[in-house]
Number of protein chains: 2
Amino acid sequence: MSEEDPASDDPDATSDNGFESVVADIHERIEPSADERERLRAVADRLVARAEAAATDRCPDADIIQAGSTARNTWVSGDRDIDIFVRFPPDLEREQLERYGLEVGHETLPDGHEEYAEHPYVKGTVEGFDIDVVPCFRLESATEIRSAVDRTPFHTQYLEARLDDDLADDVRLTKQFLKGIGAYGSDLRTRGFSGYLTELLVVEYGGFRNLLEAAANWHPQVELDPENHGRETFHDPLVVIDPTDPERNVAAVCSPENVARLQHYARSFLETPRVEVFEPAAPEPLSESELRTHLERRGTTPVAVRFEAPDLVEDQLYPQLQKSVDGIATGLDDRGFDIFRATTMADDTAVIFVELAVSERPAIEGHRGPPIHVRSHAEGFYDAYADDPEAYGPFIAGDRYVTERPREFTTAREFLASDRLFDVGLGAHVETALENEYEVLVGEEITALLEEFGPELGRYFEPHP
Amino acid sequence: MSEEDPASDDPDATSDNGFESVVADIHERIEPSADERERLRAVADRLVARAEAAATDRCPDADIIQAGSTARNTWVSGDRDIDIFVRFPPDLEREQLERYGLEVGHETLPDGHEEYAEHPYVKGTVEGFDIDVVPCFRLESATEIRSAVDRTPFHTQYLEARLDDDLADDVRLTKQFLKGIGAYGSDLRTRGFSGYLTELLVVEYGGFRNLLEAAANWHPQVELDPENHGRETFHDPLVVIDPTDPERNVAAVCSPENVARLQHYARSFLETPRVEVFEPAAPEPLSESELRTHLERRGTTPVAVRFEAPDLVEDQLYPQLQKSVDGIATGLDDRGFDIFRATTMADDTAVIFVELAVSERPAIEGHRGPPIHVRSHAEGFYDAYADDPEAYGPFIAGDRYVTERPREFTTAREFLASDRLFDVGLGAHVETALENEYEVLVGEEITALLEEFGPELGRYFEPHP
């Protein structure tokens, strides 16, 4: 669909359903004002100059690159991140680079503090802006990189060459759209679209509307390779080969849900443009009576394992919570407690939350033995159970012995409260936290979660795409 | 293992664990006495002569063959079946054969009545013996047969040539063994070993003990082909190619359970020979307090659909009951009511009996929609549920829409009492009976079955191989 062709039959392109006016409205809201730009520019220039002086003092061959959306004029009004990359020549020892990097960082940001990504770096706040001063190697090509941060300057160079003012506007719109639908950010809690990915998609499709129209009709696996140099096979629903690195899928972290979410909202917005889609939903906390009404209406049995939240950054915490909820759900399911849905929540405490369709089982379970023709196993099985006063059988079903014996857990609560909980796959820090102490809540007892997790429970019990 | 080799290391063959004395004891019990033989012979000879006269009156080329175990001296004392086959030349019209057959039958058995297998035939009782007079065609070879009864004379000829007195004794023992373990009879209720199959197995393995030793080590699929002429592929656990018909598996009706049952008891009897194995267990009827104790101990929920038993012979009734219990169990399972075990019972009433591990479900169920990238289906699904006040969602899970909506049946009883019961696969006569009237019993209500089905419930709740 070409926007240059107003005679097209496509209704999206020709009907005036308010698309342009909604977009203009949002554009107005999110474009940084001249004043905001000027303030940012002033701060950035000052800090870049400071960083450059500090860097070349130590290594005459060093230089500075400003990276990220504020460098590329693709930031959304209110974003406050300034990324300053200090590039050192590749023959510098890594230890030397790290030392110089921190020294430059502290000279640039006297009130900053050190953080650690792949290299240590210095982070600080200046006039309300969040500044990172990050050391990296200056390489000929992104394929030579030694750590992820070395790649960033290449991304900036690639995009700077391709983003004109119109496309920069559309990047801003797209970012705000993705924020609105909850799919923006490549952190491991969101598993959505990173800024770089968003910019590549806008460049590749030639704008916000073209991207939406394409996404509305995506048939994953969708593969884009702007430089036509990809040579790896990926299994992600969306594959965007990094123009600066043929072996990397920029969308690797993007979950199937978020790809589907973009498709859903692309269709829905093209059909009915509205500003609300750009506004992140802040779910109302659920009230106790609302929660009780949901539980009664659903007739399910929610169970929650609650413990002190491990002291981890979100990118470490959420994968561990996800692994733990998967493990506990599998442990419940293996014991016959059918899963309806599950989620995790984290604040001061963390919660593994599983909604069960079946939370009680009979006192016995069937236990299928070996085929009778496997003589030694079959005889061993028969002898083990023939005189067991607790067991029914063995009898024969099909070509096997079967016996019925007492079940280890007849309620989900018994399992969750038992040591067998630790047999399932748990995140390491979650396991440690559980070993310390945890609480099991069943059914209406989960109302105790409302104080800390009202909005999360709202999102769970009032789900939308 | 050869019985001719007493020096063998095999403990079964060498240790005197009482095998021979138990077998001698049983042999004593089941061998027809001289008096019993004589009475049978007298009756059979008289009826054969009568049938021969009646047949040759109508068709000079007709002759008579006595078939079955009483003809082959392999009957167990107390068996009272005499089968008289009236053979007509193959050029006779089928209608003529049927008319002659019935006339000969009535002349042979003046008090007899007509029954219908593949041809009509006459059945009657003479001096306590059950007599069948069955017309068939006299063919050159069993492969030319026009109906199953034409095959019988060939079976008799084949076995008469191979059964000496010792093997005939062992056939009797084997039949009594199979009766004792509940695996004798090729009727469609038992689905066990027919008399002909039993005789072939004894002939093929060379005796009772050799058969047990072989069966103890069978690895199904077991294939025997005495005449080495089989050319079909069968999928049954036991395949015995009919020596008189290369396309027929004599053991086709034999269920995997009964093959496994023979293996189990062969091992158990060789290990510990005892006369009880030869004695069919007549299960004690369960008392009401015993039944209540079982239900309490098991914690399961039995459900029963009870109706007037269709007026069918067992070979028609039991397959229909089996189809119906499979269909109803599937219908329950599809709706989330997990099955523990199931069975059927029939007398004046018939019962589809299913023991459930889960008999209640939540008020809602998850409903997985199409993948979001299948645009028209996905949009249709979304539009169908987006404004449904009864439904939760649609939301996104993986690459699909999911919604949660009210479940049609939250208890097994509701489903069994509903018209949807008729959507499952039911035997035709069972369906008719249910359309007329049925009763649903749940949990302790099944105590109402005790009066009619005490032994069947005993067998169900106290299962053995």
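Lettering of chains follows the sequences in order, A, B, ..., and the numbering in each one begins at 1.
With a 4.5 Å cut-off on non-hydrogen atoms, B/A215 does not touch chain A at all. Both the backbone and the side chain of B/R297 have a heavy atom closer than 4.5 Å to some heavy atom of chain A. Residue B/E296: no heavy atom, backbone or side chain, is found under 4.5 Å from chain A.
Every residue two or more places apart in sequence or in another chain that forms a side-chain hydrogen bond (donor to acceptor under 3.5 Å, both in side chains) with B/R274 is listed here: B/S268. In this structure B/H373 satisfies the ring pair (Phe, Tyr, Trp, His ring centres under 6.0 Å) test together with A/H219, sequence neighbours excluded.
Residues B/R375 and A/Q263 fail the side-chain proximity criterion, which asks for heavy atoms closer than 4.5 Å.
Around the CD atom of B/Q221, the shell of radius 6.0 Å holds more than 12 heavy atoms that belong to other residues, nucleotides or ligands. Taking a 6.0 Å sphere around CD of B/E445, one finds it holds more than 12 heavy atoms contributed by other residues, nucleotides or ligands.
A side chain to side chain contact (heavy atoms under 4.5 Å, CB included) with B/P362 holds for exactly one of A/V358, A/T301, A/D338, A/T300; it is A/T300.
Heavy-atom neighbours of chain A within the stretch residues 386-396 of chain B, taken at a separation under 4.5 angstrom, comprise B/P389, B/E390, B/A391, B/Y392, B/G393, B/P394, B/F395, B/I396.
Rounding to the nearest 0.5 Å places CD1 of B/I364 at 3.5 Å from CZ of A/F340.
Across all their heavy atoms, A/D399 and B/P256 have their closest contact at N-CB, 4.4 Å.
No other option in B/S255, B/A216, B/G366 has as many heavy-atom pairs under 4.5 Å with chain A as B/A216. Heavy-atom pairs under 4.5 Å with chain A were tallied for B/N258, B/N217, B/T403; the largest tally goes to B/N217. For the set B/E365, B/E360, B/R407, the count of heavy-atom pairs under 4.5 angstrom toward chain A peaks at B/E365. Ranked by heavy-atom pairs under 4.5 Å with chain A, the first of B/E379, B/R400, B/R361, B/E404 is B/E404.
Between the side chain of B/E257 and the backbone N or O of A/G398, at least one donor-acceptor pair lies under 3.5 Å.
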Give the table of side-chain donor-acceptor pairs shorter than 3.5 Å for residues 455-465 of chain A, with sequence neighbours excluded, one pair per line with atom names and distance.
| unit_1 | atom_1 | unit_2 | atom_2 | d |
| --- | --- | --- | --- | --- |
| A/Y460 | OH | A/E355 | OE1 | 2.6 |
| A/E462 | OE2 | A/H294 | NE2 | 3.0 |

